[in-house]
2 protein chains.
Amino acid sequence: MPRKPSYDRDALIAQARDIFWRQGWAGTSLKDLERALNLKPGSFYAAFGSKDALYALTLERYAQDGVARLMAMADEMGPLRALKAQPHLVIDAGAVPTHACMLAKTYAELQAKGHELADKASGHMVEMKECFATLFRRAQQAGEIGPDHDPDRLAARYQSDILGLRLSAERNDVNAAEIAADIASDLDRL
Amino acid sequence: MPRKPSYDRDALIAQARDIFWRQGWAGTSLKDLERALNLKPGSFYAAFGSKDALYALTLERYAQDGVARLMAMADEMGPLRALKAQPHLVIDAGAVPTHACMLAKTYAELQAKGHELADKASGHMVEMKECFATLFRRAQQAGEIGPDHDPDRLAARYQSDILGLRLSAERNDVNAAEIAADIASDLDRL
DNA sequence: GGCTTTCTTGAGTGATCACTCAAGTATATA
DNA sequence: TATATACTTGAGTGATCACTCAAGAAAGCC
């Protein structure tokens, strides 16, 4: 009996993610979204409920994709090589709308206001950090890095470096590839 | 003949800087500023011209203070010790309204829209990077770090690390002091 | 084809945005 | 004390914000 929506919800979320990622929360108006997703206000709210609800969906999508990509890479080439490849991947992926991490941008923008989206972004960053820690732990068990390192501490430093790298990659006066190479080569000294 | 303003312009700029620094550009409304600076709209616009003009003033103040503080420290304790102290200083200074770098936050928020404040922030980050490079160069001339390092490359990596550290310090699930210590100790291996 | 159910449409909501301006007030000089 | 010259005040500007809702259009089942 019902009528089907004329749009692909997943594709819409991916599109919205790219816009939010680039322009931020306050920097993206409903008009921007309506134009890009080709949805009138009524359809938008029927489909997603609110701007914040859609933003939360795109954050989840972003975080899930990031973890999945890294874990798949680790399964393929081993934990240490995956960690060494990651810095280069996050800055040269030409398909990416912007280099800086969407979770970090969201957190930085909304944390001061106590916005719930900042908490969600924070949660996803914790997941990502634990993902890094898991890979460091595996690398340690495989003997690829020394036994007297704390994987959690390595993960925190690594994540911090990646966040800085991705922000640096947004600048055109910085050679991000050199920084990425330096971050990767640091892992050889562990 | 004229009448003097009842406020201290410099103090107002410092106050505005702290608000912009914490809440960002879009996150700070004129109402916020009017309330905090105790200025009615008319006085605000007579004094500063526009929200963007005041923001630009606060950016300049922020950048100048940062460079001056680091350079003074370098004069006092030498370039390498200053570079090693900086990571701890930027995260524990209890007087600071927020840990993340205001230049980086501004750039991340406004770059996608091509806002001129993003360009100004970018320019100030370049100044800061050159300041780091100068200190690395001095340290190298003093024999404190090996002769086969490129001071500009070291400065870019160092700045990237600091940006990541300062963003990490905003999070409450991260031990920023450990990361700061690791960044500082990396300098010993140069 | 008729009917139900959902999706689509777009004008319209009140709130808030950055900003203006004319009237009122205080002060430094003469 | 008189006057000129600012500074202060706050109601008000049009624009844009996220969001609503009632009416119309289209698709699936009988």
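No experiment lies behind these values; they were computed from the predicted model shown. Order of the sequence lines fixes the chain letters, A, B, ..., with proteins taken first and strands second; residue numbering starts at 1 for each chain.
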In whole angstrom, give the distance that lies between atom [atom1] of [X] and atom [atom2] of [N].
X       : N      : atom1 : atom2 : result
A/Phe48 : D/dC19 : CZ    : C1'   : 16 Å
B/Glu34 : C/dC17 : CD    : P     : 10 Å
A/Tyr55 : D/dA18 : OH    : P     : 13 Å
B/Phe44 : C/dT20 : CZ    : C1'   : 14 Å
B/Lys40 : D/dG10 : NZ    : P     : 6 Å
B/Lys31 : C/dC19 : NZ    : P     : 15 Å
A/Arg9  : C/dT6  : CZ    : C1'   : 15 Å
A/Leu39 : C/dT9  : CG    : P     : 8 Å

Looking only at the side chain of [X] (C-beta and beyond, no hydrogens), which of the listed nucleotides [options] gets closest?
X       : options                : value
B/Pro41 : D/dG10, C/dC17, C/dG10 : D/dG10
A/Lys51 : C/dC17, C/dC19, D/dA18 : D/dA18
A/Ser29 : D/dT9, C/dC19, D/dA18  : D/dA18

**Message:** Using heavy-atom distances to pick each residue's nearest nucleotide on DNA chain D, tell me which of A/Gly42 and B/Asn38 is more 5'.
**Reply:**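 The answer here is B/Asn38.
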**Prompt:** Would the A/Phe48 and A/Phe44 ring centres measure less than 6.0 Å apart?
**Reply:**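 Aromatic pair counts; centres sit under 6.0 Å.
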**Asked** Looking only at side-chain N and O atoms, does B/Tyr45 come under 4.0 Å of OP1 or OP2 in C/dC19?
**Response**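 Checking B/Tyr45 against C/dC19: at least one side-chain N or O falls below 4.0 Å of OP1 or OP2.
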**Request:** For D/dC7, take OP1 and OP2 only and decide whether either is under 4.0 Å from a side-chain N or O of B/Ser43.
**Result:**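 Answer is no, no contact under 4.0 Å.
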**Asked** Can you check side-chain contact (heavy atoms from CB on, under 4.5 Å) on A/Thr106 and A/His115, steps first, answer last?
**Response** CA-CA 10 Å; A/Thr106 302; A/His115 199 298; over 6 Å; no
**Message:** Using 30° and 60° as the class boundaries, would you call the ring planes of A/Tyr62 and A/Trp21 parallel, tilted or perpendicular?
**Reply:**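 Ring orientation of A/Tyr62 relative to A/Trp21: perpendicular.
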**Request:** Assign the ring pair B/Phe136 / B/Tyr158 to parallel, tilted or perpendicular, where the plane angle (0 to 90°) is split at 30° and 60°.
**Result:**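 Rings of B/Phe136 and B/Tyr158: perpendicular, over 60°.
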**Item:** Polar side-chain atom of A/Ser185 near backbone of A/Asp182 as donor-acceptor pair, under 3.5 Å
**Value:**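 Between the backbone of A/Asp182 and the side chain of A/Ser185 there is a qualifying donor-acceptor contact (under 3.5 Å).
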